[in-house]
Peer 1: 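Handing you this structure, nothing more for now.
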Amino acid sequence: MTSQAPENRPPLLEMIGISKSFGGVQALRDVDFTLRQGEIHGLVGENGAGKSTTMKIIAGVHHDYQGKMLIDGKEVHFRSARDALDAGVGMVHQELSIVPDLSVAENVFLGSQPTKGGVIDWPTMVREARKHLATLGIVVDPRQTIGTLPIGLQQLIEIARVLSSGARIIILDEPTSALSPPEVERLFSLLRKLRDQGRSIVFISHFLDDVLNISDTVTIFRNGRKVETTPVSQITKREVIEKMIGKGHEGLEESYTGEIRLDSKPNAPVVLETKALSFERAFQDVSLQVRAGEVLGIYGFMGSGQIELARALFGKIRAKGELTVEGKPLNLTRTSIAREEGIAFVPESRRSMLFHHEPLYKNMSISILERIHRMWLKPSKERDIARGHIETLRIRTPGADQLLGNLSGGNQQKVALAKWLTHAPKVLILSEPTRGMDVGAKEDVVKIVRGLRDKGIGVVVVSTEPETVLSLADRIVVMKRGAIVREFAGDTVSKDRLLEAA
Amino acid sequence: MSNTEITVVRTGGFGNWVRSQLRNIAPFLTLLFLVVFFSVAKPSSFLTVTNFANILNQVSITAIIAVGLTFVILCAEIDLSVASIANVTGIAVAFFTLQPDYVNIANLPLAGPLAVLIALAVCFALGMFNALGVTLIGIPSFIMTLAMMQIADGMSALFVRGQIAYTVPDIVLTLGSGNIFGVPWIVIVAGLFLLVAHLVLTYTRFGRYVYMVGGNREAAEYSGVNVKFIIGAVLVIGAVCSGVAGMLGVAYFGSAQQNEFGTYLLDAIAAVVVGGTSLFGGRGGIGNTIIGLLVLGVLNNGLDHVQIDPFFKILIRGLILLAALVINVYAQSLRSKAETGTD
């Protein structure tokens, strides 16, 4: 390692006055960013703050932007990811781009396999791959199928691939979200080794502890602007959070920066309870209670296990452990059992919840057919029920016979909710209920959910957006790496304390 | 809401309606075209009441198989074992019936109704086998029913050992080859199967679930529909319909032997698909299947009336099926375009 402190080393990459918009939406405004030789540079910010957009410009994914980018003092403008790689910039995305059915060696050399007389030179490829991986401290048989290895190891190999193609700058997008603590440690020791070899690493993550642990320098983004770049030694986690969420009046979301009063109901009867619920790598030993007439918010970053937990509560995936509804133990081997026992679920993706080529009324009646019909279906009855929902939920549509696919996204989301409203369930589980909605539609959803809670339904809201949980929940649990790490109840909570816990 | 408001959003008007109804209109126009064509070409023999009665008689067995297959295809699954299950069920009912002396099969004669019950149990069991393989083990229906095709053929071979049986229980004989007031029973049975299937698909919970599972399986699961049960059930329905068709077919043909239903697999699939039921599931129905059956029936029958090279006949049938597939897939892509366009 050179004696110079990282912040004094020469810049390897400089971005000056970068702006970028998607359609009419300004994603980046006048961003300056400097990456120095041999440093690990952490990038933090909320969803949509601009960190990923900035890195995708560096990696050649986005190429129509304003501003200048310099590498080694020379101006560059990448037209493709290939361009960027040729200039020494490689990116490892959150979703790995390995080919699971191929061997480790083939993945390391994907697209540039050594050949001899037109066919792949296997002995050379395996030997080179082994040597290459060994220099990074990764010990694995290159002939093994990569899909059979643990995720953490697959990720290290993907980094090795980026390196084998000559990258000096490596961008890692959320590399730790799917890793267990020992795997995180292994990744970090590899990153430190690479830094000591003089490579530069950009580390994007929601996990502030990880960022502050591994980085030399940290840059904070907010609302498409760079807020600050500072050596990690000179900033605390609390200060980072404050700078991430801001104190100004920059938008509606800011209304959640203050203290929110939690209206928990510790004496209400428990409707749903889990004990030591686990599912593979996704979550472990989750025990929680949902009371009648309360909204339980489950917050966590992407990949913290809360999305899978929600699916397990509806029987979409089979978790190990105990689950009871009103004291009755359930074995949720399929979703129809959950429905019959009074559990309702709205997944985060509308597409996987609705029938686009079917009329509205059939979309709304699918989960209650046996309650409204005896022997024969009576579409007129279904239409009446649908018309009622259209009115009370203010769904914009000409009528109950309209095909669902003709509705706008926010209205479709309301239909997804309406499915469960005709006959009130005991427990309603909502995954990302307001994602991608405009402000008006969000407010409608908040009203609907509060209305259901006041009827005595136990509501569970699962989200990766703190605002969603804060605007809806009466009690909040925070999940991190598949476990509940914190509960906020009967007191006040604020966005920064939520982020700090996660 | 009033109707005037609905018309406001349908900006495309007639063109849009045609596009959205393509899968229903195209088969109907095909049928109309074929009827007109053969009527003009051979009015004396094709365009007669007797001949139309003939056509109905000729498509009846295919119709009963196609009824079951309509359920399966609406669920976005496929059953390749229908003809083989028909064959083994027909052979089974003969195997448990007293045969004439010259039939050299070591069979087990039983009372007629019992033989019918056992034969029904055979097709039900084979259908259950398909259902369990697809839902519990997770074998794709294409592969599972391909294996079942062989299994059922193998069972047929073991029952008859290359021989031919002729006798079936009286009730099967009547329904398969008898008449009532001049109408063949088999046409009535086929009509009943079509009617009941239509009522089930349109007016029962089960029928609604079949469409929903076929239309968006994941959404059906998230709506709390027991998707595996529905898929298993349609495979059992497919097998039992085939079994009934197989028993009546033996009476219709007058004999039970190996490979008797060879052409029926393709005919039944063709009838469902030509009729416009989506291969991707969720769209179509018995109405479509009826049109598809008539298209195939008129085509087969009409080609016999115009003097044509019999080998060329097979090619024409292939081309018609191809055209139907093109329309089927094209209608599907129009639909997905319409969906993504508004999402």
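What you see is a predicted model, and the numbers here were worked out from it, not measured in a lab. By convention in this document, chain letters (A, B, ...) are assigned in the order of the sequence lines, proteins followed by strands, and residues within each chain are numbered from 1.
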Peer 1: Taking C-beta and beyond as the side chain, do B/Ile73 and B/Ile78 meet within less than 4.5 Å on heavy atoms?
Peer 2: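 Of all side-chain heavy-atom pairs linking B/Ile78 with B/Ile73, at least one is under 4.5 Å.
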Peer 1: Non-hydrogen contacts under 4.5 angstrom with chain B: give the residues of residues 325-344 of chain A involved, or none if there are none.
Peer 2: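 Answer by number: A/Arg334, A/Thr335, A/Ser336, A/Arg339.
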Peer 1: Could you tell me which non-hydrogen atom of B/Val240 sits nearest to which non-hydrogen atom of B/Cys123, and how far apart they are?
Peer 2: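 Nearest heavy atoms, B/Val240 then B/Cys123: CA-SG, 3.8 Å.
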Peer 1: For residues 222-232 of chain B, give me every residue with a non-hydrogen atom less than 4.5 Å from any non-hydrogen atom of chain A.
Peer 2: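 Expected list: B/Tyr222, B/Ser223, B/Gly224, B/Val225, B/Asn226.
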Peer 1: Does any non-hydrogen side-chain atom of A/Asp444 lie less than 4.5 Å from one of A/Leu393?
Peer 2: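 A/Leu393 does not reach A/Asp444 side chain to side chain.
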Peer 1: For a side-chain contact (heavy atoms from CB on, under 4.5 Å) check, start with the C-alpha distance between A/Leu360 and A/Thr397, then their side-chain angles and the critical distance, and finish with the verdict.
Peer 2: CA-CA 9 Å; A/Leu360 275 191; A/Thr397 171; 3.6 Å; yes
Peer 1: Pick one: which of A/His356, A/Met364, A/Lys362 meets side-chain contact (heavy atoms from CB on, under 4.5 Å) with A/Leu404?
Peer 2: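 Going through the options one by one, the only one that passes is A/His356.
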Peer 1: Restricting to non-hydrogen atoms, name the atom on A/His357 and the atom on B/Gly282 that form the minimum distance, rounded to 0.1 Å.
Peer 2: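 Looking at all heavy atoms of both residues, the shortest contact is NE2-O, 3.9 Å.
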Peer 1: Any idea which of A/Glu358, A/Lys378, A/Lys316, A/Met353 has the most non-hydrogen atom pairs under 4.5 angstrom with chain B?
Peer 2: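 Going by pairs under 4.5 Å, I would pick A/Lys316.
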Peer 1: Please list, chain by chain and in numerical order, all residues satisfying ring pair (Phe, Tyr, Trp, His ring centres under 6.0 Å) with A/Tyr361, sequence neighbours excluded.
Peer 2: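 Applying ring pair (Phe, Tyr, Trp, His ring centres under 6.0 Å) to A/Tyr361 gives none.
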Peer 1: Do A/Glu432 and A/Thr468 have side-chain atoms, one donor and one acceptor, less than 3.5 Å apart?
Peer 2: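 No, no side-chain donor-acceptor pair sits under 3.5 Å.
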Peer 1: Hey, which residues of residues 414-423 of chain A are touching chain B, say heavy atoms under 4.5 Å apart?
Peer 2: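 A/Lys419, A/Trp420, listed by number.
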Peer 1: Is a side-chain donor-acceptor pair under 3.5 Å present for B/Asn130 with B/Ser81?
Peer 2: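 There is such a pair between these side chains.
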Peer 1: Could you report the tightest heavy-atom contact between B/Leu194 and B/Ala63, atom names first, then the distance?
Peer 2: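 The answer is CD1-CB, 4.5 Å.
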Peer 1: For A/Leu309, which of A/Ile317, A/Thr274, A/Leu277 qualifies under side-chain contact (heavy atoms from CB on, under 4.5 Å)?
Peer 2: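 The residue from A/Ile317, A/Thr274, A/Leu277 that satisfies side-chain contact (heavy atoms from CB on, under 4.5 Å) with A/Leu309 turns out to be A/Leu277.
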Peer 1: Just wondering, do A/Arg311 and A/Ile307 contact through their side chains at under 4.5 Å, heavy atoms?
Peer 2: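 Sidechains of A/Arg311 and A/Ile307: in contact.
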Peer 1: Measure the shortest side-chain to side-chain distance between A/Phe345 and A/Val460 over non-hydrogen atoms and say whether it is less than 4.5 angstrom.
Peer 2: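 With C-beta onward as the side chain, the pair stays apart.
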Peer 1: Answer yes or no: are there more than 12 heavy-atom neighbours, outside A/Glu370 itself, under 6.0 Å from its atom CD?
Peer 2: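 Atom CD in A/Glu370 is crowded, with more than 12 foreign heavy atoms closer than 6.0 Å.
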Peer 1: Shorter than 4.5 Å, heavy atoms on both sides: which option in A/Val346, A/Ile366, A/Leu354 has the most such pairs with chain B?
Peer 2: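 Most pairs with chain B among the choices: A/Ile366.
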